[in-house]
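Each remark here refers to the structure printed beneath this line.
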Amino acid sequence: MQPYTPGEQPAPGKTVKLNTNENPYPPPKAVVEAIQHAATGAINRYPDPVATAFRRAAANALGLPGPEWILAGNGSDEILTMLVRGFVGEGQRLRLPYPSYILYRTLADIQGADWEQVAFEDGWKLPAAFGETADNVRLVFLPNPNSPSGTVVPPEEIEQLASTMTCPLVVDEAYADFAETNCLDLVQKHENILVTRTLSKSYGLAGIRFGFLVAQPHVIAELAKIKDSYNCDMISIAAATAAMGCQDWLADVVAKMNATRSRLAERLATLGFNVTPSQANFVWCQHPSGDHQGMYEFLKKNQILVRFMKFPEWGDGLRISVGTDEQIDVCLMLLENYLKKNA
Ligand SMILES: *Cc1c(COP(=O)(O)O)cnc(C)c1O
C-alpha cells in the first residue's frame, strides 16, 4: 500500500515551520501547569479509560448536553481510525471529496476497504452527488474547513447532503475554531452527522496528541466498544481538560491568527498569487507562473518550510500556515525576491 506522508518535522532549531498548520504560539499557561501537576501525580496508575474529566469540560465549553456526547482520542487522527474501523468493513467503501485530506484514503487501505473521491466543483463547492451514496458506501468524510483550500461548505448545505446519505457523514472540524460556522448544532439534530475536533491546531497542542468526536450518545457508546482500552494518557487528558477551560485565550489567539491570515492573503495577492479565501489557519495559493516547486525549494533553502502540494489531474500549489507576523513577513519577502529573480 501507499504510505501516508506527514508534513516534514525538522529537528527543533532555526527552521520556520509553516507546513503543518500548527499554532505558532505556545498553549495557555494553565495547560502547562496542568501537565506539570499531572507529571507529579499518580502516573504509576492507568488513566481514566474514557477521559471523563475532559469530556465534562468539553461538553461545558461547547454547550453540549453532557459528556456522553463525546469520545476522546489520541489525536483526532485516532478518532478517524476508530470511525473507519467501526463503519467500513473489508471490501466496503468510504467517500471523500477531492482535493482534501489524504489520510482518509490510507485509513481505508489499512482496513482493506475501498475509497472513492468526489471532486469539488469550481469555487470549492460540493455537487449534490456527494450526498447520493450507494449501498456499499458506509462512511463519508468531509473536512470543513477543507484542507488544502481552507474553504467551508455552509452547515445548511451539509445538512442537505447528509439527509440524502444512507451512512454517517463525518465532518472533520480540525480547523473549525478559525471559521465562522461549524456543525455542532447539526449533531444534535441528526444521528448521521458526526463531528471531529482536535487540540493540535487552535489550542497549540499538536505535541500532546488529543482530539475528540462529537456524536449522539448511542453512536458514541457503540464506537467506545472498539477503542483501545487506555487510548489517552493521564498527562494529555490533564492538558486537554485544562485547555477546555481556556476559551478566552482561544478567542484571543484565533483573532490574532485570523488577522495575520488576512494580511498574508492580501500580500500574496499583491505578489500575483491566486489566493483562495480561507477560514482556516492556512492559505492555499497558486501563482500564474506555476513554479510552486521552485518557490517551495527556495523557501526551504532559506529555512522556511511551507507545503508544496500536488494533486494528480487537478493541479498544484502552496499551502502556507499562518505563523507569527514576523514569520509571515520573512516568508513574503523571500517570495517577493524569488519572483523578481525568476519573473
Ligand atoms: C491536522 C488535521 C487532523 C489531525 O489532527 P490530530 O488531532 O493532530 O490528529 C485531522 N484532520 C485534518 C483535516 C487535519 O488537517
Side-chain angles (χ1 to χ4, degrees), residues 4-9 17-24 27 31 51 54 58 70-85 94-108 110 115 117 120 124 126 139-153 158 169-179 182-183 194-214 227-228 231-233 235-237 239-240 243-244 250 254 257 261 276 278-284 305-307 309 311 319-323:
Y4 173 71
T5 312
E8 296 162 80
Q9 299 294 345
K17 283 195 83 269
L18 304 176
N19 66 330
T20 48
N21 306 337
E22 294 136 320
N23 199 313
V31 171
F54 166 78
I70 294 170
L71 179 68
N74 182 21
S76 65
D77 284 349
E78 193 209 10
I79 296 287
L80 302 176
T81 300
M82 288 184 217
L83 288 164
V84 176
R85 189 190 291 164
L94 70 77
R95 171 178 291 176
L96 64 153
Y98 183 77
S100 76
Y101 194 37
I102 306 292
L103 178 73
Y104 307 136
R105 304 193 318 210
T106 311
L107 298 179
I110 293 169
W115 46 265
Q117 304 187 117
F120 277 106
W124 297 93
L126 278 176
L139 191 66
V140 179
F141 280 120
L142 176 64
N144 204 51
N146 185 45
S147 171
S149 61
T151 50
V152 163
V153 178
I158 290 181
L169 168 63
V170 178
V171 186
D172 181 343
E173 292 196 344
Y175 303 104
D177 288 327
F178 300 100
N182 65 62
C183 290
L194 286 55
V195 164
T196 61
R197 290 281 178 99
T198 176
L199 277 75
S200 298
K201 297 1 192 293
S202 52
Y203 287 92
L205 289 170
I208 279 292
R209 309 305 304 131
F210 207 93
F212 60 100
L213 174 72
V214 182
K227 76 178 195 64
D228 290 346
N231 61 323
C232 299
D233 67 87
I235 289 177
S236 64
I237 293 171
M244 287 298 121
L250 180 69
V254 164
M257 290 173 71
R261 178 181 72 203
T276 305
S278 170
Q279 290 199 33
N281 65 332
F282 54 83
V283 164
W284 174 248
L305 265 188
V306 300
R307 196 81 176 256
M309 294 178 118
F311 294 94
R319 195 191 68 186
I320 306 178
S321 306
V322 172

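Just follow the structure's listing: the first ligand is 1, and inside any ligand the first atom is 1. Worth knowing before you read on, the calculation uses all heavy atoms, side chains too, and leaves out hydrogens, waters and symmetry mates.
Sorted by chain and number, the residues within 4.0 Å of ligand 1 by heavy atom are G75, S76, D77, Y101, D172, A174, Y175, T198, S200, K201, R209.
N23 places a side-chain N or O within 3.5 Å of a backbone atom of S202 that can act as its donor or acceptor partner.
Under the rule for a salt bridge (charged side-chain N to carboxylate O under 4.0 Å, His left out), E78 has no partner lying at least two apart in sequence or in another chain. R319 is linked by a salt bridge (charged side-chain N to carboxylate O under 4.0 Å, His left out) to nothing, counting only residues two or more places apart in sequence or in another chain. K17 is linked by a salt bridge (charged side-chain N to carboxylate O under 4.0 Å, His left out) to E22, counting only residues two or more places apart in sequence or in another chain.
There is a side-chain donor-acceptor pair under 3.5 Å between Y175 and N21.
The aromatic rings of F141 and Y104 lie parallel to each other, with less than 30° between the two planes, well short of the 60° mark.
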